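Please find one structure pasted underneath; my questions will follow.
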Protein chains: 2
Amino acid sequence: MSGFGPDDFFLADCPARLAVELIADKWTVVVLYGLSKGPVRHGELIGLIGGISRKMLTQTLRRLEAHGLVHRRAYSEVPPRVEYELTPLGATLIGPIHMLTEWARANGDAVLDALDTDPEPVAHNG
Amino acid sequence: MSGFGPDDFFLADCPARLAVELIADKWTVVVLYGLSKGPVRHGELIGLIGGISRKMLTQTLRRLEAHGLVHRRAYSEVPPRVEYELTPLGATLIGPIHMLTEWARANGDAVLDALDTDPEPVAHNG
DNA sequence: ACGCTAGGTTTCCGACAGGAACCAACAGGT
DNA sequence: ACCTGTTGGTTCCTGTCGGAAACCTAGCGT
């Protein structure tokens, strides 16, 4: 009746679930989007992504790097220069990510409108 | 230079960013996936989604409801029965969500493999 | 000698996730 | 009449995490 197969990533620790939890994160989607058009520097991302802190950006990039989605290229220059780039595996995410961002662009206003419209007192419990 | 337009949802509080942050969340993606095939009861989702607690499920559903993506239908029966269903707006998310879950199914193993393979000491700073 | 730049880490504190226990409402058994 | 089971939800407590600001490293220009 459920319509789902038994391996449908509902199991808490299956690889698919872990993969989703890796990218279903407040900053990860935006960072991946920022990387989707080619190599970008740390500082560029800081300036590009409004509201992110260096700490969270580094943390997010490290996690993606550890999972093989992002490659970190540090040049031995002064001042230091570091570029981040999607790996081939990471590049397979561009499609899904862009679908999400396109959806957000198309429906962001509707979602915000609902916040003001919905509050009819519906009484969730008694 | 950047290749991004100025409205490219990098601004911290633009509707697109808020919409992404609404669904880019540990549980939200899995819950939306659980709803993607039709109305589901609260208890069904609890049994279906490994690892989620009643509290987090309720919280996630309420947030989606407030943003107009999910509709809550409570039947006045005993014991109580509550069904959750995607709204038309919520249904527009099925495509993006399924792309994500398909990606996760296809690449989950690769992502986990990278965790064991990568740890070459790369020296991120000095 | 000093400050600037660029990437990163450390410190501190408030907020939130998560689990367990509790609550409400009524049907049905005894 | 009383107790129990079912279902959905909330409350309480604690550990962890996010976020801002300060600090660190290393060379180059002046």
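We name chains A, B, ... by the order of the sequence lines, and we start the count at 1 in each one. These numbers were taken from a predicted model, which means no experiment stands behind them.
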Would you say the side chain of R54(A) and the base of dG8(C) hold a donor-acceptor pair, judged only by whether the two atoms sit under 3.5 Å apart?
yes
Atom CD of E83(A) to atom C1' of dG8(C): distance rounded to whole Å?
17 Å
R41(A) vs dG7(C): side-chain N/O to OP1/OP2 distance below 4.0 Å:
yes
If only side-chain N and O atoms of R72(A) are considered, is one of them under 4.0 Å from the OP1 or OP2 phosphate oxygen of dG8(C)?
yes
Roughly how far, to the nearest 0.5 Å, is the CD atom of E85(B) from the CG atom of L35(B)?
9.0 Å
Nearest whole Å is fine: how far is dA6(C) C1' from Y84(A) OH?
11 Å
Pairing donors with acceptors under 3.5 angstrom, does anything connect the side chains of S76(B) and R81(B)?
no
Taking the side chain as every heavy atom from C-beta outward, state whether T92(B) and L69(B) have any atom pair closer than 4.5 Å.
no
For R62(B) and dT11(D), what is the distance between atoms CZ and P respectively, to the nearest whole Å?
11 Å
Between M99(B) and E102(B), is any pair of side-chain heavy atoms under 4.5 Å apart?
no
Side chains of I49(A) and W27(A), heavy atoms from C-beta outward: is any pair under 4.5 Å?
yes
Rounded distance in Å - CD1 (I46(A)) to P (dA6(C)):
12 Å
Rounded to whole Å, the CG-P distance (L61(B) to dG9(D)) equals 8 Å
Using only side-chain N and O atoms of Y75(B), determine if any of them is under 4.0 Å from OP1 or OP2 of dA25(C).
no
Do R17(A) and L11(A) make a side-chain contact, defined as non-hydrogen atoms from C-beta onward lying under 4.5 Å apart?
no
Can you tell me if R81(B) touches the phosphate of dG9(D), counting only side-chain N or O atoms and a distance under 4.0 Å to OP1 or OP2?
no
Rounding to a whole Å, what distance do you find between H42(B):NE2 and dT6(D):P?
16 Å
Its contact letters, B for base, S for sugar-phosphate only and - for none at protein heavy atoms under 4.0 Å, make nucleotides 15-20 of chain D read ---BBB
So, Y84(B) versus E65(B): side-chain donor-acceptor pair below 3.5 Å or not?
no
